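The structure appears right after this line, and notes come after that.
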Amino acid sequence: MRRTSRPRALTAGLAGITAGLLLLTACSGGGEAVDLDGDTAGGASGAAGGEATGPVLRAAIAGEPDQLDPQSTSSYFSFEVLENVFDTLVEPDENLEMQPALAESWETSEDGLTWTFHLRDGVTFHDGSDFTAEDVVYSYDRIVDDELSNAWKFGSVTDVVATDDSTVTITVSAPTPNLLSSLGGFKGLAIVDQANVESGDITTKPIGTGPFSLADYTPGDSIDLVANPDYWGGAPEIGGVHYTFVSEGSTAIAALQNGEIDWTDSIPAQQLETLQGAEGVEVGVTPSNDYWYLALNEAKAPWNTVAARQAIAYAIDRDAILQAVSYGTAAENQLAIPQESVWYTEYDTYSHDEARAQQLLAEAGVTGGVSIDFLATSDYPETVTAAQIIASDLEPLGITVNIRTVDFATWLDEQNSGNFDLLMMGWLGNIDPDDFYYSQHHTDGGSNAQGYSNPQVDEWLDAARTETDTEARKELYAQAATTIADEGSYIYLYNPSVIQAWSTDLGGYTARSDRAIRFRDVTLAEG
Amino acid sequence: MTLGGVARFLGRRLLHSLVVLLGVLVVVFALVHLVPGDPVRIALGTRYTQESYEALRAASGLDRPLATQFLSYVGNALTGDLGVSFRTGQPVTLTLLDRLPATVSLAVVGLVVALLVALPAGIWSGLHEGRVSDAIVRVTSQAGVSVPDFWLGQLLIVGVALGLGLLPTSGYAALSDDPVQWGRHVALPGLTVGLVAAAIMTRYIRTAVLDVAHAGHVRTARSKGLPASVVMRRHVVRNALIPILTITGIQLATILGGVVVVEVVFAWPGLGRLTYDAVASRDYALVQGAVLLVAVLFLLVNLVVDVLYSLVDPRIRLS
Amino acid sequence: MSAPVLAVQDLRVSIGTAEIVRGVSFAVEPGQTLGIVGESGSGKSMTVLAATGLLDAPGAVVTGSSVLAPAPGAAGSPAVAGAGAGTTGTQLVGASARTLRRVHGDRVGFVFQDPSTSLNPVLPLGRQIGESLEAHRGMTPRQARTRALELLEAVGIPEPAARLDAYPHQLSGGQRQRVMIAVALACDPALLIADEPTTALDVTTQAQIVALVQALQHDRGTAVVWISHDLGLIGQVADDVTVLRAGEQVESRPVLDLVDRPQHAYTRELLAARPLLGQSHPAPAYPAAAPLLTVEGLDVRFPVVTPTGRTHVHAVDDVSFTVRRGHTLGVVGESGSGKSTIAHVLTGLVAPRAGRVDLDGVDVLGQRGAALKALRRRIAMVFQDPFSSLNGRSTVGTSIAEPLQVHGLARGRDGVRRRVGELLELVDLPAGWADRYPHELSGGQRQRVSIARALALEPELVVLDESTASLDVSIQARVLELLARLQAELGLTYLFIAHDLAVVERVSHDVLVLQRGRVVEQGPARQLFADPREPYTRALLAAIPPVRPRGAPEPA
Amino acid sequence: MTALVPDERAATATGRPAAGWRLLLDSPVNVVSAVVLLVVLVVALLGPTLAPYPVNAVDVPAALQPPSGAHWFGTDDLGRDVLSRTLVATRVSLQVALVAVAFALVVGVGVGIVSGYAGGWLDTVLMRVVDVMFAFPVMLLALAIVAVLGPGLTTTQLAIGIVYTPIFARVARASALAVRVEPYVQVSRTMGTGHALILRRHVLPGIAGPVIVQTSLSIAFGILSEAALSFLGLGVQPPRPSWGRMLFDAQGFLAQAWWMALFPGLAIFVSVLAFNLLGDGLRDVLDPRQRSLLRTRRLLREARR
C-alpha cells in the first residue's frame, strides 16, 4: 500500500485511530507482560519524593507500562499511573463535565475562535521548577510538531500563545465546542516539563505537576509514587502508591483477598462473582463510555446494500455475545454513547430475529452460500469469542464465517487496506459526541474504514461540530446516530464496564466511567 | 595428567561450538529477513509519514546490502548490542538480561527436581532390570514423557494452588529480593518443568546403567566376591556417571529452551514468556535476540559438559 | 592323588526346556591343570560358570553338585551333606549369594576372554587389584596397594610402580590380560578359572601368557581350569582334558592318553582336523605358470580421529609381491600387520597412497567407469565373519544372484535360478537352499554361500581374508578341502590371508610374512616353513603349540 | 587379526524364528498401546460423525456446565460440548503431527543417508548444519518460524517438520554409517554393485529399524509440539478445535471449569503415550540384541506353560 502525502488532518486522523484503540485494553488481560526484578538503568530515585510518609496504597494493574512519557505512550497501563503524576489544563469530573485544573478559569470570544485560559498560580513541578504559560505552549507545540499520537486533537487549532506568565490564548480556525474535552479528556495532553523531555528522562523518570511524584521504577517489577506535599489541589491523604503488574486474574484476586494488595483492576469478568461475596472487599462495576461495534466492509458486495447489513444486525444474538464476553457486566447498547452520558439517545430497533434477517438477505439479493472473512485479533480475546458466536449465528442463514485471528499491528494494516468483510473493535477515551461519530462515520472521516457515506449524516456532523447551543447540538447528534444505526454503518453491541475491586480499608475511591484511576482524594486505614 | 590431551580435546570442542555459533547467527539473522512484508513498516505500525519511514529505514541500515547488514549485526551481537525493541524502545540486550535470572532460576530448580527423581529411579530400575520395580519405573517415566508440560502446570494450578490454596497460581518474586516468596512462586512451575524432565532423564539414566551393568568389568567385579554395594557404587554407577553427565547437560539445555509454555501458564516473567509476547506482537528484534541468547546458552551448557567430561573420563584426560 | 580343590558331580544347566549342560563331572587337584575343550555351542563356559556359581543367565536352572575344598586350616566351614567322603568343602550349586561372595576372589580367581572389556576403564589398576584384598583379607588400602605392586611385578608388568595409578586404556591387550591374572591371583586362591584367556591375543602374546600362568601355578600350587576351543593349546597346558560336545561330556582322560589313544570318534575327528605344522601341503601347482598379480611398492596411510586430535597410521609400507596363476599365496602376520589392508586395496575398498598393482597386464588402480566394473569381476573376495557377510534380510539365492544381475551373467529369472543352483551345488550345498535365509544356516554353510557368491563373478583371483578363522576346527577342515578342489577344477588363484600358520602351510604354495605393514620374509612355503631365515618368522613358528603335548616323547 | 571364537550362538537350523510382529504382541503393554492407537486413528477418521453435538454450536446460556449425562466432558465458556470438540480435534492434531513427521522423515533421512553413506566433506557440511539446528531448542525454533510465517495450520506443520528434521538426519546417518561398514555391504562394493542397488537392498532396510522407532517417537512429540503451539495461540486457529487451543481457552477458567482443561489434556496424554509405548515396543523388536532377549523370554514362557 504505497503511502502518498495527504493533508495534515487526515494523517493526523490516522494517528488518532491508534491512540483511541490502543487505550482500550480489555481488563480480561489483553497483551500483558509481567516483568521481573533486576535493577536496570531505568530504575530511578524519585526526583522530589523520598520515603512516603503515611500509608502506601498497593495497587495491582494488569500489565506493565511500555514507557512513562504521557504524550507519546498509547498503553492504558501507563495512563493508570500517569493519571496521578500529571495534570491537564482542565479535567473531567465524575459525570465527565470539564472542571478547572491547571487553568483556573477560561473564556471564549464572541465568534468562538479565541479561547483564553487563566492559569492557576503558585503551581510547581515535582522538581520544584515553576509552572508557567510557557510550559503549556511547549507541551502542545511538542505534540503537534513531533506528530505524537494525539496531534489530531489539535486539528482545528491554529495557534497557541502565552500572552503572559499566567495566561494562554488558543485560536481555532472554526468554533470547536469540544476543545475542552480534547484538551482535558485524558492525560495524553498532560503539561510536561521541557527539561525533563529534552533530557530524555521523561520515559522512565517523568516530572509532572500532579498529586504524586515518581519515587522508583524497577522495570518488570513495580512503580512507586510518593505524595506531592505542595500539590495545588491539596496534598493527598495517603503517603504514596506502590503499583505492581499482575496479569493473571486469579493471582490478583487471591492477593486482594488475603490483603497483599489494596486495589486492582486485573479481574477477568468470569471471576467476578467469586469476589462479590468476599468480605473486606468492595467491587466497583460502572459502565464506561467505551463501546464495541461490528462493521461490514461496504466496498464489497453484498455489504454495500443497507438491507444486507441490517440482516446481519438482526441475525446476531446480542445476549449470547454479551454474556460470553462480559459475563453480564457490560450494558447492551445499540448506539455508541452510554446511558449515563448527557448525550445519550434511546435506540433499540434491532433484536435477534432470524426470519427478519432471512427476508432482508433476500431483499438484498443474497441467495445464500455467502462467506464472510471475519477479522479478529488475538490482542483482544473478545473479538475471537464474539466471532465464534456470530459464526454459529450466521450458519443457519447459509453464511460461512472464516475467522482470521492476527496480532493487532497486522489487524490495523488489514483494516486500513480494506482487506476484510466483517470486523469487531472498540473505541475508548471518547467524551464529546464528536469523538464518538465524526471521524468514524463522516464520508471523509479518518477512521471511516467501512466506507460509509451519507451526505445527510455528513451535514449533521459538520453542523454539530460548530453548534454552540447544547440542545441543538444534542438533537443533531441524535439524528446522525439513529441514521448511522439504521443504515448499519456500525452495528453497535455494548458499552463494557470498568471492573475494579479494592479493600474496604480504602476510603473515598470511586471507579470512573472514563477509566481514569485517581488516588489523590482517597484515604487508607492502617490495615 | 597430561594437559595436552585435555587441551586438544577442549580446543576441538571450542572450535566446533564457534562454527555452530556462526551458523546460529546466520539462521537468526535470516529469520527477520524472511518476514513477509517490510519489517520497517510493521515496526512503525500505521502512524508514520513517508519521511519517517525513510528515516527509520536508513537508521536501521535496512537499505544496505544484506552482507554488510549481516556483518554489522554480528559485530554488534558480539559486543552485546542486539538492536532496539520496536515495541518498547528499550535496548534488546537489556530486556533479555532483565528476564534471564527468572528463566535460569526456573531451569535450575527444574533440573534439581529432575535429578532428585531421575537419579534414584533411573539407577534403581537399571540395576533391577526385569523386576516389578523396574516395570513400574519404566511405565511411569514413559507416562511422564507423554504428559504435555503446560497441561501438567494447569492441573497443578487447579489441584494445588486453587484446590488446596497452598501456593500462588502464578507471578514471580526475585530470589535476591525475597527468597521465601521466590520459593513459593517457583514451586509449582519448577515442579512442572522438573517432573517432565525427570521422566525423560529416568529413561536415559536407566539405559546408561543397563549398558554398564552388562559390561565385562562388572562381571569381573562380581568374580572378586566384592559386596554388592561396592560393585554397584564403584563399578556400575561410577561408570554410568559419564553418560549421566551428558544427559544432564542436554536436559538443562532443553529445559532452557522449552520453558516457554510453562512460563506462559504460570505468568513466569522469563525469556520464554518474553519471546512469546514478542512473537505475538511481531517484535522481531526481541524474537531474534531471545532465540540467539538461548542458542548461545545451549552451546555454553554443552561446552561446560565437555569440560566436566574431560575431567571425569580418564580415557580423555590421559589419552 | 591329593584331595581335589573342586569336585563337580553330574552338573546340569537348563534354560526353559533347553538343557544346555547335560551331566558333566570333573575334578581338579592342587597344582594340576584341567583343560576343557569344545567347539562353539558346546556349553563349556556355561559349565564352569555354573560350577563356580558365577552364572547370571536369566532363568537358568543348575542341578548337581560342585564342592570347593575348604581353605587349609580354615575354621570348619559349614558341613555339606552328601559331599565327597569326609571333605567338609563348600557346595557351590545353589549356594547363597553371601556364601558365593565369600568364596569368589578368595578361594576362586577368574580370568575372562576379552581383556579390553574385563577391566574397569575409570578405576586405577592398583585399586582394581587391591579390591579383593580389602574385601577378603581385611587389608587397609595402603597395605593392599603395596601387595598390588608385588602382584604387578609377579605377572611381569614393566615399571609396575608407575602402572599402579595408570588406567586400562594405557596398556596393550597382553598387558591388560596380565593385570587380569594379577587380579585373579590377588588373594592367592586355591583355584583359577581361565575362560579362553588367550583367544583374543596374538600368537606370540598367547605363548607368553601361557608361560606366565604355568610359572605362577608352579610357585603357588594353584589348581587351574583352562577352557578353550583350541585343542593344540589345551594339549600344551593341561594335565587332564575333558572334551565337551553340545553340553555332553564326550571324554575325560589325561592329556597324553587322549592325544595318543582317543576313545571317542568326535575326539578323533577333532585331533585329525587340527591343522598341524609340517603335516599337509597343497597339491602341486604348475611351476612355470606366468604371474597373474604383481604388486610393487604398495603404501597405505589411514587418518585416525581420536577425541584429542587427528593422527596417522602407516598400515602398509612399501610391500611388493607376485602371485602366479593357479597358485596360492599365503599372507601371514599378527593383528595390525596390514594383511587385510592389502586385500582391501586389491578389491577397491581402500585407495593406497602409492604403489602399482598389475593383474595380467591391467593396471588395477588406474581403472575408471566401465573398465573398473569389468575389473571388479576378475577379483572376488570372501570375508571372515560368516554371520555378517550375508545380508540377513535377503535369501541365500538373492545374495548369490546379485553379482549375476550386476554383470548380466545370466539371462532372465530362470537363467539366474539355474545358475544359482549350479553355484550352490559347486560348494556342496543343495540347490533347494536358495530360498533359505542366512540365520537358518550354520557358520560353515554360510561361508560356503559366500564362496558361491564369489564364484558367481567367475573371477580369476579370489582374495580370502581369514575366511576360515571363525569356523570350528572340524568345519574349517572341510572348507579348506572345498577350496583346494575348486582351485584344482577351476584353476583359481588364491590370496589366502590368515594368522594361523598351520592353516597357511596347508593351502599355500608361496608365503609372505608381514609385520607392522612391512614384508619380513617371502618365498616358497616348503622352504620358508622348513628353514625360516628371519627371527620374527622363527618366533611365529615357535609360538605354535607343539604337535605332541608338552613335547612328550613319541609313543612306542 | 586373530578371530574371536564365535559366541555360543546356536544356529537354529529349523523354522523361522518368531516373526517380529508376534514378538511385538507378546508384551501386554504393546497390545494396549496398539489398541489405544487404533482407537485414536478411528476417532481421527470418524471424529465428526462420532461427536454427539455440532462442534461449533454456541449455546452461551449452557456455558461452563460440569460433566453431566448430556455433556460427558461438560461445556466450555461458549457452551460448546467439550467431548465433541475433543473428538473432532483428534483429526487436526494427528494430521499436523503426521504431515510434519513425514516432512522431517523424508528430508531428514535423505540428508542422513547421503552424509552417512557418502561421507567426506559433504558429511561434515551437512552435519554442521544439523548441529546448528540442534542448537535451537525445539519450542523456540518453532515459535520463531511461526512468528515469521504467521500462525495457522500449514505454518505449524512446516515449523514442526523443520524442527524434527535434524533428529531424523542424525538417526539415519548413524545407522547408515553402521551399515556401510558391514561386510555384506563391502562385499557388494567389491563386486562392483552400483550405489543405487546397495542403497536400496542393503542400506535402506538396514536403517529401517531405528528410523521406524524414531518415527513413532517423533509423532508422539509432534502431537505435543502442535498442542504447545496451539496452546500459545499460534497453531491451529479458532473456531477449528484443537487440543492445544482448547487448553489455551481453558487457562482463563481454571478456577471455575476444571473440565475444560482436564479432558483435552487427557486426550493429548493418551495418544502421545500410545505412540511412545509403541515406539519402545518397536525398538525392542527391531533391535537385534533386544530381539534375542525377547526370544529367550518367549522360550521361557513356553517352558513354564
Side-chain angles (χ1 to χ4, degrees), chain A residues 26-31 247-251 253-254 257 266-275 316-328 352 374 376-379 381-396 400-407 409-410 414, chain D residues 51 53-65 75-82 84-85 88-89 143 146-156 229-242 244-261:
Chain A
C27 51
S28 72
S247 58
E248 192 50 47
S250 38
T251 312
I253 291 172
Q257 279 172 323
S266 172
I267 303 165
Q270 67 262 25
Q271 297 186 3
L272 196 54
E273 86 271 16
T274 51
L275 265 181
I316 58 169
D317 177 350
R318 292 161 186 280
D319 300 339
I321 295 176
L322 221 62
Q323 170 58 22
V325 159
S326 71
Y327 291 81
H352 185 150
F374 192 112
T377 169
S378 43
D379 288 24
E382 302 91 324
T383 60
V384 179
T385 310
Q388 294 175 69
I389 296 173
I390 292 166
S392 132
D393 290 345
L394 298 186
E395 211 188 335
T400 46
V401 176
N402 308 322
I403 303 171
R404 199 154 46 96
T405 321
V406 290
D407 72 283
T410 321
E414 297 291 281
Chain D
Y53 296 87
V55 163
N56 291 331
V58 164
D59 174 13
V60 177
L64 296 177
Q65 278 179 4
T75 61
D76 67 7
D77 59 326
L78 295 183
R80 294 172 296 195
D81 178 48
V82 174
S84 312
R85 288 178 64 77
V88 171
L143 255 179
V146 168
V148 165
L149 304 177
L153 195 65
T154 27
T155 40
T156 317
L229 278 174
S230 298
F231 175 78
L232 297 175
L234 299 169
V236 177
Q237 293 305 305
R240 190 180 189 144
S242 94
R245 182 74 207 197
M246 289 168 78
L247 288 180
F248 177 78
D249 298 339
Q251 174 72 9
F253 300 93
L254 289 179
Q256 301 88 340
W258 52 268
W259 52 89
M260 274 179 74

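Nothing here was measured: the structure is a model prediction, and the numbers come from that model. What you see below is based on every heavy atom in this structure, not just the backbone, and it leaves out hydrogens, waters and symmetry mates. Labels below follow one simple rule: chain letters A, B, ... track the order of the sequence lines, proteins then strands, and each chain is numbered from 1.
Applying the side-chain hydrogen bond (donor to acceptor under 3.5 Å, both in side chains) rule to Glu414(A) yields the partners Arg404(A), Asn419(A); only residues at least two apart in sequence or on another chain are considered. For Arg80(D), the side-chain hydrogen bond (donor to acceptor under 3.5 Å, both in side chains) test picks out Gln388(A), Asp76(D), with sequence neighbours left out.
Among the candidates Ala324(A), Ala376(A), Ser392(A), the residue making the largest number of heavy-atom pairs closer than 4.5 Å to chain D is Ser392(A).
Contacts of Asp77(D) with chain A are made by both backbone and side-chain atoms, with heavy-atom separations under 4.5 Å. For a residue to count as touching a neighbouring chain, one of its non-hydrogen atoms must lie under 4.5 Å from one of that chain's; by this rule Leu64(D) touches chain A with the side chain only. In this structure, the portions of Ala320(A) lying under 4.5 Å from any heavy atom of chain D include both its backbone and its side chain.
Inter-residue side-chain proximity for Arg85(D) and Met246(D) is flagged as met; some heavy-atom pair is nearer than 4.5 Å. The side-chain heavy atoms of Asp59(D) and Thr75(D), taken from C-beta on, include no pair separated by under 4.5 Å.
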